[in-house]
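Everything numeric here is computed off the predicted structure, so don't read it as measured data. Every chain is numbered from 1 and lettered A, B, ... according to where its sequence line falls, protein lines coming before strand lines.
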2 protein chains.
Amino acid sequence: MAVSMHDVARAAGVSQRTVSNVVNDYAYVRPETRRRVLEAMEELGYVPNAAARSLRRSRTGLIAFVVPDFRARIFADLAGLVVREAEALGHRVLIEVTDSDRERELQVLSGGRNQLTDGAIMMALSLRPQDGRRRRAGYPLVLMGDHVLEGVHHVAIPNREASLAVVRHLAGSGRRRLMLLGHGPHGSETARTRLNGFLAGLAEAGLPADEALMVAADWSRARGRQAIEEHIDSGRPLPDAIFAMNDSLALGALRALRERGVLVPQEVALVGFDDVEEARYSTPSLTSVSPDLEAMAAHAVAMLHEQITGKPSGREPHLTVDFHLRIRESSQ
Amino acid sequence: MAVSMHDVARAAGVSQRTVSNVVNDYAYVRPETRRRVLEAMEELGYVPNAAARSLRRSRTGLIAFVVPDFRARIFADLAGLVVREAEALGHRVLIEVTDSDRERELQVLSGGRNQLTDGAIMMALSLRPQDGRRRRAGYPLVLMGDHVLEGVHHVAIPNREASLAVVRHLAGSGRRRLMLLGHGPHGSETARTRLNGFLAGLAEAGLPADEALMVAADWSRARGRQAIEEHIDSGRPLPDAIFAMNDSLALGALRALRERGVLVPQEVALVGFDDVEEARYSTPSLTSVSPDLEAMAAHAVAMLHEQITGKPSGREPHLTVDFHLRIRESSQ
DNA sequence: CTGAAAGCGCTAACAG
DNA sequence: CTGTTAGCGCTTTCAG
């Protein structure tokens with residue numbers, strides 16, 4: 001076995017209690033004693049056993065960040081921000097990938113997948129309101145995204161408002177035939193809400209909602225490209241603007257348009273969602289909805305922190321972050 | 001306190017031992033007994049305490065993945081792969097960010113930053129051979145990248161060979177004035193090795209090594225862009241090819257070239273390193289070195305797994321993964 | 001197949 | 001300021 005506090009105590013000629021005090025920067029320990037203990041620790045190569053400490057404190061210092069998929073740029077970005085915020089509040093982050101699997105999301109909810117964590121931040125895709133009853137009682141949880149489970153803290157992206165803003169921008173610059181890319185039969189709540197905002201925008205601008213211009217597609221670059229290729233090759237008339245439900249789709253679409261010789265933005269304006277770094281650097285640069293991810297991460301971590309430490313702070317249990325529509329070359 | 005095994009045992013009218021057996025799918029438990037226990041667990045909402053289990057088993061099931069920075073796309077990609085591989089072998093992954101801070105890297109090495117993990121995979125930037133002595137004895141560790149610490153398992157990217165291949169490709173298609181972008185005074189070992197391969201390639205092709213064409217820059221998109229802008233604006237003659245030390249630099253450079261009206265690849269060929277997804281979708285698409293990241297993640301996790309479980313497997317303690325030079329529009 | 005019981009290493013209440 | 005000591009909840013040896 002590794003060297004324990006007991007060993008250190010014996011070596012330094014003090015009690016275990018004192019060693020613990022030194023390790024935890026506790027109370028008053030005489031400088032001389034502290035020095036002796038530190039010396040003994042150094043000499044024996046003592047490293048505190050975190051499992052024992054966790055057991056005793058019933059706190060591990062770990063939180064889980066649960067995402068559907070790590071390949072999507074936005075989740076990786078968010079993870080980076082969550083790690084940073086968590087560290088600032090003294091937590092470390094365990095990454096859990098659900099592969100958008102409903103079963104796994106439920107496992108997180110019911111506590112089967114949270115071993116060794118004090119709480120979780122989850123980006124859930126498939127949860128429904130009635131799943132609330134499967135929740136493990138007392139386990140701190142914050143949801144990111146659209147789903148509101150009764151009584152669960154939650155921080156959201158303003159999907160509807162942002163989509164509305166996109167349509168206003170497009171219609172406001174004279175576009176009339178708007179395509180929505182990424183709407184799909186297996187759509188998540190997020191997709192539905194963005195669709196909603198899109199439709200509201202059309203109505204507001206007095207434009208018809210054309211089913212043929214609501215194109216289903218997974219939110220990947222490859223599918224965005226493919227969807228547009230198929231649309232063009234089928235000979236259907238082009239829209240004069242495309243609103244893609246995320247930047248991956250938009251950038252895939254951009255590639256397809258370029259290959260088919262369609263000019264962006266002259267013939268077709270293009271707008272994405274998420275504002276990943278790449279949007280600023282594509283050719284043409286991509287207009288995109290930029291949700292405030294930093295705020296999102298900060299709020300989520302802070303909410304979780306409160307639940308874990310049990311310090312309520314009057315903070316709203318439901319929050320929606322800001323967004324900006326970054327207008328770039330692809331839609332001007 | 002939460003409900004414990006003891007509570008379940010009492011409720012089911014069996015001993016704690018039997019509950020443990022059921023929880024761990026152990027040994028022979030009479031079906032009838034198992035059923036009763038399962039029922040009691042369900043009823044009481046029992047969730048095993050992972051900290052206690054970890055203490056007892058002296059194993060947490062967690063491994064740390066330590067990266068310099070999470071914003072760089074390649075680290076996020078790698079993290080996703082590591083999480084997947086780890087899960088397949090029954091480990092979960094804790095993400096640790098060092099911000100390229102040498103002190104933090106040393107803390108990982110010495111065990112101060114590995115609380116609750118059974119081992120770590122680290123992408124170290126600043127470690128030097130003599131740091132080996134600071135290593136925490138017996139703590140399973142695998143390094144990714146260039147640094148070889150005496151006696152530490154290690155999986156590498158073939159930086160020298162790949163850089164050589166890039167120069168061969170460029171020189172082979174008639175380019176004569178090659179710029180190296182990303183070489184810098186604070187260069188990591190990785191940068192030095194890529195520089196090495198570059199110089200070897202020049203020598204092999206009988207081309208001069210021109211100091212003025214070795215441009216220092218952090219490996220970010222913004223810096224790549226800025227470096228090329230400055231070069232052009234200073235009136236210095238353009239190279240006919242640029243080898244950027246990673247794709248971020250290359251894509252930033254591409255942006256600068258485009259804005260200054262320089263044609264890629266007609267006037268200047270451009271090659272990057274890492275082959276991030278974006279390279280395939282840029283305009284023009286980017287030629288890049290594609291190291292086999294999947295293999296890298298798989299090897300690293302497997303090596304760590306062996307150390308943790310103590311099952312040696314004749315696998316080499318040092319391994320270099322394959323790479324492919326993906327030749328695309330930017331260099332043809 | 002199941003029970004009793006001994007710790008894993010640490011924290012913290014209690015006592016000086 | 002420091003020593004003693006009782007568990008935290010679980011796994012596992014030893015008996016039956």
Side-chain angles (χ1 to χ4, degrees), chain A residues 1-41 44-62 90 111-112 114-118 136 138-139, chain B residues 1-38 40-41 44-62 111-112 114-118 136 138-139:
Chain A
M1 274 308 117
V3 19
S4 77
M5 250 182 192
H6 184 246
D7 303 327
V8 176
R10 225 178 16 192
V14 299
S15 81
Q16 214 186 106
R17 162 72 200 249
T18 302
V19 179
S20 174
N21 281 351
V22 171
V23 169
N24 296 293
D25 280 330
Y26 249 23
Y28 307 81
V29 179
R30 221 186 317 156
E32 159 62 12
T33 312
R34 173 185 305 276
R35 199 189 48 67
R36 274 221 321 281
V37 171
L38 253 17
E39 230 163 46
M41 278 170 42
L44 299 178
Y46 170 71
V47 180
N49 179 315
R53 168 179 292 183
S54 301
L55 173 58
R56 194 55 236 238
R57 288 199 183 149
S58 46
R59 195 73 94 60
T60 60
L62 262 38
N114 306 309
Q115 308 260 348
L116 236 18
T117 56
D118 298 332
R136 169 168 164 200
Y139 182 71
Chain B
M1 276 307 121
V3 18
S4 78
M5 248 182 196
H6 184 245
D7 303 326
V8 175
R10 225 180 16 193
V14 299
S15 82
Q16 215 186 107
R17 161 73 200 250
T18 301
V19 178
S20 175
N21 282 350
V22 170
V23 168
N24 296 293
D25 280 330
Y26 249 21
Y28 306 80
V29 178
R30 219 184 322 155
E32 159 61 13
T33 312
R34 173 184 306 276
R35 199 188 48 68
R36 274 220 322 279
V37 170
L38 254 16
M41 280 170 44
L44 299 177
Y46 170 71
V47 180
N49 180 317
R53 167 179 293 183
S54 301
L55 173 57
R56 196 52 236 246
R57 291 199 182 149
S58 47
R59 194 75 92 60
T60 61
L62 262 40
N114 306 310
Q115 308 261 350
L116 236 18
T117 57
D118 298 332
R136 169 168 164 201
Y139 183 70

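Proximity note for Leu55(B) (side chain, C-beta onward) versus dC8(C), dT11(C), dC10(D): the nearest is dC8(C). Among dT11(D), dC10(C), dG9(D), the nucleotide with an atom closest to any side-chain atom of Gln16(B) is dT11(D). Closest to the side chain of Thr33(A), from the set dT11(D), dG9(D), dT2(D), is dT2(D). Of the candidates dT11(C), dC14(C), dT2(C), dC14(C) carries the atom nearest the Arg17(A) side chain, counting heavy atoms from C-beta on. Taking every side-chain heavy atom of Arg56(B) into account, dA6(C) is the closest of dG3(D), dA12(C), dA6(C).
Expressed to the nearest 0.5 Å, how far CD of Gln16(A) lies from OG of Ser4(A) amounts to 6.5 Å. A distance of 9.5 Å separates CZ in Arg10(A) from CG in Leu44(A), rounded to the nearest 0.5 Å. Thr117(B) OG1 to Leu116(A) CG: the interatomic distance, rounded to the nearest 0.5 Å, is 10.5 Å.
Between Arg10(B) atom CZ and dG3(C) atom P there is a gap of 14 Å when expressed in whole angstrom units. Remark: P of dT2(C) and CZ of Arg34(B) are 9 Å apart, rounded to the nearest angstrom. One can place CZ of Arg53(A) at 18 Å from P of dC8(C), the figure rounded to the nearest angstrom. Whole-Å rounding puts the Met5(A) CE to dG7(C) P distance at 20 Å. Atom CZ in Arg59(A) sits roughly 16 Å away from atom C1' in dC10(C) (whole-Å rounding). Remark: P of dC10(C) and CD of Gln115(B) are 11 Å apart, rounded to the nearest angstrom. dT2(C) atom C1' lies 8 Å from atom CG of Asn21(B), rounded to whole Å. The interatomic distance linking His6(B) (NE2) with dA6(C) (C1') rounds to 15 Å, in whole Å.
No contact: Val23(B) has no heavy atom under 4.0 Å from any strand.
Asn24(B) has a side-chain polar atom (N or O) that falls below the 4.0 Å cut-off from OP1 or OP2 of dT11(D). When the side-chain nitrogen and oxygen atoms of Arg30(B) are compared with OP1 and OP2 of dC1(C), none of them lie within a distance under 4.0 Å. Dashed line: the shortest gap from a side-chain N or O of Ser20(A) to OP1 or OP2 of dT11(C) is under 4.0 Å. For dC1(D), the OP1/OP2 oxygens have no side-chain nitrogen or oxygen of Thr18(A) closer than 4.0 Å.
Contact check for Leu62(B) versus Leu62(A): side-chain heavy atoms found under the 4.5 Å cut-off.
Looking at Arg35(B) and Glu32(B), a side-chain N of the basic residue comes within less than 4.0 Å of a carboxylate O on the acidic one, giving a salt bridge.
Looking at which nucleotide of DNA chain C each of Ser15(B) and Ala52(A) is closest to, the 5′-most match is held by Ser15(B).
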